[in-house]
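The block underneath contains the structure these notes are about, expressed in structure tokens.
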Amino acid sequence: MHQQEWLLPDHDHGERVVNTREELVGALTPVDGAAPVEWLIAPEPVAYEDALAEMDRHVQAISEGRAAERIWLLEHPPLYTAGTSARGAGLIDARFPVFEAGRGGQMTYHGPGQRVAYVMLDLNRRKRDLRVFVAALEAWIIATLAGFNIRGERREDRVGVWVRRPDKGAGHEDKIAAIGIRVKRWVTLHGISLNVEPDLDHFGGIVACGIEDPRYGITSLVDLGLPVTMEEVDTVLRRSFEERFGATVAV
């Protein structure tokens, strides 16, 4: 069984968490009077090392009370990332650069056509509960997909958000969104990725999230027959985020 994995706060040194997330509240609003979350969209692809460095700087500033919470939407050049549970066998073909991500989970792909959202929220201002935080991220993705009339679902034994694909055979499901997080002093790093129109062949270089069962594949909004733009996806992402996490302000 492939269990759900998250990297817990540094002082816990990480541990495996399995939970019934459907039973958790799908919202994580801030305390009264909290400032709106910054909503930042990168106009061009961002190099992975640059994104990690900027995310670390901003999370440090949040921890020290010098910066607002932030959602950073971006795309990366084609690359693979290895989470804290990644094994060597997860890399099949290193056709793109491979980076140590520092987040929970195993191998994943990022590239053009995939919306990455780095989520920098202060759980001290919300709720110090990582299970609730993960459930809220999942609910955010599921609500965004519902905005395009797609039914996304959680799976207790698999990471990410999944779409049933009976057209591909009995029991077949495709992953459309991934989640990988880290927490420093209860401020979150990393976040989610939603496949809008990436080159799905690029996922073939890895065992995505360690899942080898041939019934489980990868899909995207465009692959499901929805020719949406990234701007349209961003609009729905923002609306669905505000319903669960509170107000945002564009920066």
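Listed here is the closest heavy atom pair of Ala250 and Arg238: N-NH2, 3.4 Å. Shown here for Leu194 and Ala177, the closest heavy-atom pair between the two residues is CD1-CB, 4.0 Å. The shortest heavy-atom contact between Arg125 and Ala67 is NH2-O, 3.7 Å. Closest heavy-atom contact between Pro227 and Gly225: CD-O, 3.4 Å. Val161 and Gly152 get closest at one heavy-atom pair: CG1-CA, 3.8 Å. Nearest heavy-atom pair across Pro77 and Pro112 is C-CD, 4.1 Å.
For residues 33-49, the set of pairs meeting the side-chain hydrogen bond (donor to acceptor under 3.5 Å, both in side chains) definition, not counting sequence neighbours, comprises Glu38-Arg70.
Taking the six-membered ring where tryptophan is involved, the planes of Trp72 and Tyr118 are tilted, since the angle between them lies from 30° to 60°. Between Phe245 and Trp140, the two ring planes are perpendicular [angle over 60°; tilted spans 30° to 60°].
With Phe203 as reference, Tyr109 is the one residue of Tyr109, Phe96, Tyr80 to meet the ring pair (Phe, Tyr, Trp, His ring centres under 6.0 Å) rule. With respect to Glu173, the salt bridge (charged side-chain N to carboxylate O under 4.0 Å, His left out) criterion is satisfied by exactly one of Arg215, Arg165, Arg155: Arg155. Across His76, Glu100, Arg103, a single residue satisfies side chain to side chain donor-acceptor pair (under 3.5 Å) together with Thr81, and that is Arg103.
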Leu52 vs His190, side-chain contact (heavy atoms from CB on, under 4.5 Å): CA-CA, chis, key distance, verdict: CA-CA 8 Å; Leu52 291 187; His190 299 277; 3.5 Å; yes

Pair Thr188-Ile181, side-chain contact (heavy atoms from CB on, under 4.5 Å): steps then yes or no: CA-CA 7 Å; Thr188 67; Ile181 66 167; 5.8 Å; no

Leu28/Leu123 under side-chain contact (heavy atoms from CB on, under 4.5 Å): CA gap, chis, key distance, verdict: CA-CA 9 Å; Leu28 203 65; Leu123 299 186; 3.6 Å; yes

Verdict with supporting geometry, Val163 and Ile150, side-chain contact (heavy atoms from CB on, under 4.5 Å): CA-CA 8 Å; Val163 177; Ile150 294 175; 4.0 Å; yes

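Side-chain N/O atoms of Glu197 and Ser220 include no donor and acceptor closer than 3.5 Å.
Within the 3.5 Å criterion, the main-chain N or O of Arg185 finds a donor-acceptor partner in the side chain of Asn124.
Linking Ile, Leu, Val, Met, Phe, Trp and Tyr residues whenever their side-chain heavy atoms come within less than 4.5 Å places Leu221 and Ile141 in a single cluster.
Residues passing the salt bridge (charged side-chain N to carboxylate O under 4.0 Å, His left out) test with Asp93 are Arg95, sequence neighbours excluded. The side chain to side chain contact (heavy atoms under 4.5 Å, CB included) search around Pro36 returns Ala247, Val249, not counting sequence neighbours.
No more than 12 heavy atoms of other residues, nucleotides or ligands shown are found within 6.0 angstrom of CG on Asp32.
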